[in-house]
K.L.:
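Below you'll find the structure I mean.
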Protein chains: 2
Amino acid sequence: MARPRAFDPEDALLKIKETFWRLGYEGTSLQDIEAATELKKQSLYRLFGDKRKMYLAALEHYEAHEVRTALKALEREGPARVRFRALFDEIVEGAIASGDRRGCFLCNACTDQAQLDDETRKFVRKQLEAALQAFEEALSAEKAYAGNETLRKEQAAGLMAAYFGLRVLIKGDMPESVLRGAADAAIASISAN
Amino acid sequence: MARPRAFDPEDALLKIKETFWRLGYEGTSLQDIEAATELKKQSLYRLFGDKRKMYLAALEHYEAHEVRTALKALEREGPARVRFRALFDEIVEGAIASGDRRGCFLCNACTDQAQLDDETRKFVRKQLEAALQAFEEALSAEKAYAGNETLRKEQAAGLMAAYFGLRVLIKGDMPESVLRGAADAAIASISAN
DNA sequence: AATGTTACGGACCGGTCAGTAAATAACAGC
DNA sequence: GCTGTTATTTACTGACCGGTCCGTAACATT
């Protein structure tokens with residue numbers, strides 16, 4: 001009943017996500033977003049409200065796609081070491097092969113905005129806890145952890161830290177050998193039995 | 001032979017460091033720095049050159065103080081587990097007790113500026129490699145690692161990732177239980193023999 | 001074809017950004 | 001007490017910030 005939108009909001013959000021991902025919240029200007037989406041400011045504001053909401057929408061998009069995909073990979077059958085090996089290797093491979101050193105957007109958001117913006121903090125915390133839960137479940141398949149919740153939770157937290165730490169080392173320009181070492185050490189820390 | 005400086009440059013740099021540490025590079029304005037140092041812009045520019053140089057000077061100050069102190073703690077005598085336990089516990093304790101969730105400035109710099117600014121990248125990389133070296137040396141005391149350089153390097157990288165990951169979990173507002181779990185898992189991954 | 005509703009585009013808002021110029025002030029050596 | 005040098009302060013620059021206004025265009029309904 002009115003003029004139809006001439007662009008794809010999902011596609012726009014994807015571009016916004018990539019921009020915030022690369023440049024951070026304060027590092028991204030509306031001009032950057034306009035350039036990335038090829039949209040005018042007004043179209044963006046009508047769709048999202050303001051810059052902060054664009055950022056949060058971008059984070060949600062990241063969760064719904066990148067994070068979800070990564071956690072899905074943990075649900076496959078097999079020993080815990082194999083499951084996590086797939087997760088860690090994909091990250092290292094991506095950093096080496098395609099030179100993608102953007103890191104993890106969620107991890108970036110932790111260091112960038114979580115302590116400065118309440119909404120971001122709440123969102124990030126919720127996502128981190130969900131990921132932790134997924135890590136824990138992936139460990140349940142292993143006998144060593146199945147009957148020991150404390151140990152399982154501890155190991156899940158440890159793997160989470162290892163994962164985020166690896167992401168930081170990637171952004172910190174560490175060479176392949178270090179990245180592989182960190183990944184291997186994380187996998188080796190998982191009990192196999 | 002000229003008008004003496006009326007403020008302490010070291011003290012000013014300390015305040016600048018704390019501001020960048022808390023707000024990030026783009027999130028910090030010259031006004032923020034003026035307010036923190038109680039100095040006028042011109043005094044800052046004469047002393048440092050520009051904002052970027054202030055940031056790099058702040059990073060160097062962090063390295064010369066916080067990082068150096070932390071790595072010194074690893075040089076004490078005793079089993080590797082005890083050495084790293086001290087390092088990790090201090091971080092967790094700081095986050096819990098004093099509510100200090102600023103994280104690690106060097107780690108923040110990795111996710112914030114390392115991929116966007118060449119000088120920062122080089123500096124961060126150098127510091128990360130030095131820290132890695134220190135981790136490796138702290139592991140040399142352990143028999144399991146003394147004779148196996150590959151394993152030692154791998155474990156050092158793993159602990160480094162665990163450390164940075166813990167720092168990210170802290171900024172991501174994770175509860176004490178998760179932080180302690182991550183620290184305990186990291187320590188448990190060190191071979192004791 | 002007229003109307004109501006939404007989308008678009010560009011000018012524009014006040015404010016802030018990093019950085020600079022120039023005037024004044026405090027010292028040392030002579 | 002004059003001169004040279006450096007510190008401090010104020011005022012300013014031009015660009016850019018996030019955000020809004022408003023005139024116009026494109027559609028659906030009637």
Side-chain angles (χ1 to χ4, degrees), chain A residues 1-61 108-109 112-113 116-120 123, chain B residues 1-60 109 112-113 116-120 123:
Chain A
M1 181 186 177
R3 178 171 178 176
R5 190 180 280 121
F7 63 91
D8 178 8
E10 170 72 11
D11 183 61
L13 184 49
L14 193 120
K15 301 286 177 56
I16 293 174
K17 177 184 69 178
E18 286 173 348
T19 309
F20 277 127
W21 192 351
R22 188 165 48 91
L23 302 176
Y25 180 76
E26 296 286 1
T28 300
S29 74
L30 260 293
Q31 281 198 41
D32 293 327
I33 297 179
E34 282 186 296
T37 57
E38 294 183 299
L39 293 173
K40 299 291 179 179
K41 237 191 275 199
Q42 187 66 9
S43 299
L44 296 162
Y45 273 95
R46 192 164 355 89
L47 193 56
F48 295 104
D50 61 11
K51 187 186 178 185
R52 190 106 250 162
K53 293 202 183 88
M54 291 180 212
Y55 184 70
L56 289 167
L59 271 178
E60 276 169 37
H61 192 276
N108 295 358
D112 180 11
Q113 288 295 308
L116 300 172
D117 176 67
D118 266 355
E119 279 197 85
T120 306
F123 181 83
Chain B
M1 183 188 179
R3 178 173 177 173
R5 188 181 281 122
F7 63 91
D8 178 8
E10 170 73 11
D11 182 62
L13 183 50
L14 193 120
K15 301 286 177 56
I16 293 174
K17 178 184 68 178
E18 286 172 349
T19 309
F20 278 126
W21 192 350
R22 187 165 48 90
L23 302 176
Y25 181 76
E26 296 286 1
T28 299
S29 73
L30 259 294
Q31 281 199 44
D32 293 327
I33 298 179
E34 282 186 295
T37 58
E38 295 183 298
L39 293 173
K40 302 290 180 182
K41 239 193 274 201
Q42 191 66 11
S43 298
L44 296 162
Y45 273 98
R46 189 161 10 81
L47 192 56
F48 295 104
D50 61 11
K51 187 186 177 184
R52 191 106 249 163
K53 293 203 182 86
M54 292 180 212
Y55 185 72
L56 289 168
L59 272 178
E60 275 170 37
D112 180 11
Q113 288 295 308
L116 300 172
D117 175 67
D118 267 354
E119 279 197 86
T120 305
F123 180 82

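Order of the sequence lines fixes the chain letters, A, B, ..., with proteins taken first and strands second; residue numbering starts at 1 for each chain. Just so you know, these numbers use all the heavy atoms, side chains as well, and skip hydrogens, waters and symmetry mates.
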K.L.:
Do any of residues 30-40 of chain A sit with a heavy atom less than 4.0 Å from DNA chain D, and if so which?
P.N.:
A/L30, A/Q31
K.L.:
Name every residue in residues 43-56 of chain A that has at least one heavy atom under 4.0 Å from any atom of DNA chain D, in order of residue number, or write none if there are no such residues.
P.N.:
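The answer is A/Y45, A/D50, A/K51.
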K.L.:
Restricting to non-hydrogen atoms, name the atom on B/T120 and the atom on B/D117 that form the minimum distance, rounded to 0.1 Å.
P.N.:
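Where B/T120 meets B/D117 most closely, the heavy atoms are OG1-OD2, 2.6 Å.
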K.L.:
Working to the nearest 0.5 Å, report the span between OG of B/S43 and CD of B/E38.
P.N.:
12.5 Å
K.L.:
To the nearest Å, how far apart are A/R5 CZ and C/dC8 P?
P.N.:
7 Å
K.L.:
Which nucleotides of nucleotides 24-30 of chain D have their base under 4.0 Å from a protein heavy atom (B), which only their sugar-phosphate (S), and which neither (-), written as one string 5' to 3'?
P.N.:
-BBBS--
K.L.:
Which heavy atom of B/A12 sits nearest a heavy atom of B/L39, and at what distance?
P.N.:
CB-CD1, 3.8 Å
K.L.:
Kindly state each residue pair satisfying side-chain hydrogen bond (donor to acceptor under 3.5 Å, both in side chains) with at least one member in residues 17-27 of chain A, sequence neighbours excluded.
P.N.:
A/K17-A/H61, A/K17-A/E66
K.L.:
More than 12 non-hydrogen atoms from neighbouring residues, nucleotides or ligands closer than 6.0 Å to CD on A/E10, yes or no?
P.N.:
yes
K.L.:
How far apart are the closest heavy atoms of A/Y45 and A/K51, and which atoms are they?
P.N.:
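Taking every non-hydrogen atom into account, CE2-N, 4.3 Å.
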K.L.:
Is there a side chain to side chain contact (heavy atoms under 4.5 Å, CB included) between B/E60 and B/F123 once you walk through the steps?
P.N.:
CA-CA 9 Å; B/E60 275 170 37; B/F123 180 82; 3.3 Å; yes
K.L.:
With hydrogens left out and only the distance checked, is there a donor-acceptor pair under 3.5 Å joining B/K41's side chain and the base of C/dG19?
P.N.:
yes
K.L.:
At what distance, to the nearest 0.5 angstrom, does CG of A/D11 lie from OG1 of A/T37?
P.N.:
9.0 Å
K.L.:
Are B/F20 and B/D112 side-chain neighbours, meaning at least one heavy-atom pair lies under 4.5 Å?
P.N.:
no
K.L.:
Can you measure from CG (B/L59) to CD1 (B/I16) and round to the nearest 0.5 angstrom?
P.N.:
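Going from CG on B/L59 over to CD1 on B/I16, the span is 12.0 Å.
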K.L.:
Whole-Å distance between C/dA21 C1' and B/Q42 CD?
P.N.:
8 Å
K.L.:
Between B/P9 and B/L47, what is the shortest heavy-atom contact and its length?
P.N.:
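Between these two residues, the closest heavy atoms are CB-CD2, 3.9 Å.
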K.L.:
How many angstroms lie between CG in A/L44 and CD1 in A/I33, if you round to the nearest 0.5 Å?
P.N.:
6.5 Å
K.L.:
Could you tell me, to 10°, how much the axis swings from one end of the helix from C/dA1-D/dT30 to C/dC30-D/dG1 to the other, five pairs per end?
P.N.:
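That helix has its two terminal axes inclined by roughly 0°.
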K.L.:
Taking the side chain of B/S29 as heavy atoms from C-beta outward, which of C/dC8, C/dC17, D/dG18 is closest to it?
P.N.:
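Closest nucleotide among those given: C/dC17.
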K.L.:
Strictly below 4.0 Å, heavy-atom distances to any atom of DNA chain C: list the hits from residues 7-17 of chain A, or just say none.
P.N.:
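The answer is A/F7.
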K.L.:
How long is the span from the CD atom in A/E34 to the NZ atom in A/K15, to the nearest 0.5 Å?
P.N.:
14.5 Å
K.L.:
If you define the side chain from C-beta out and look only at heavy atoms, does anything of A/L13 sit under 4.5 Å from A/F48?
P.N.:
yes
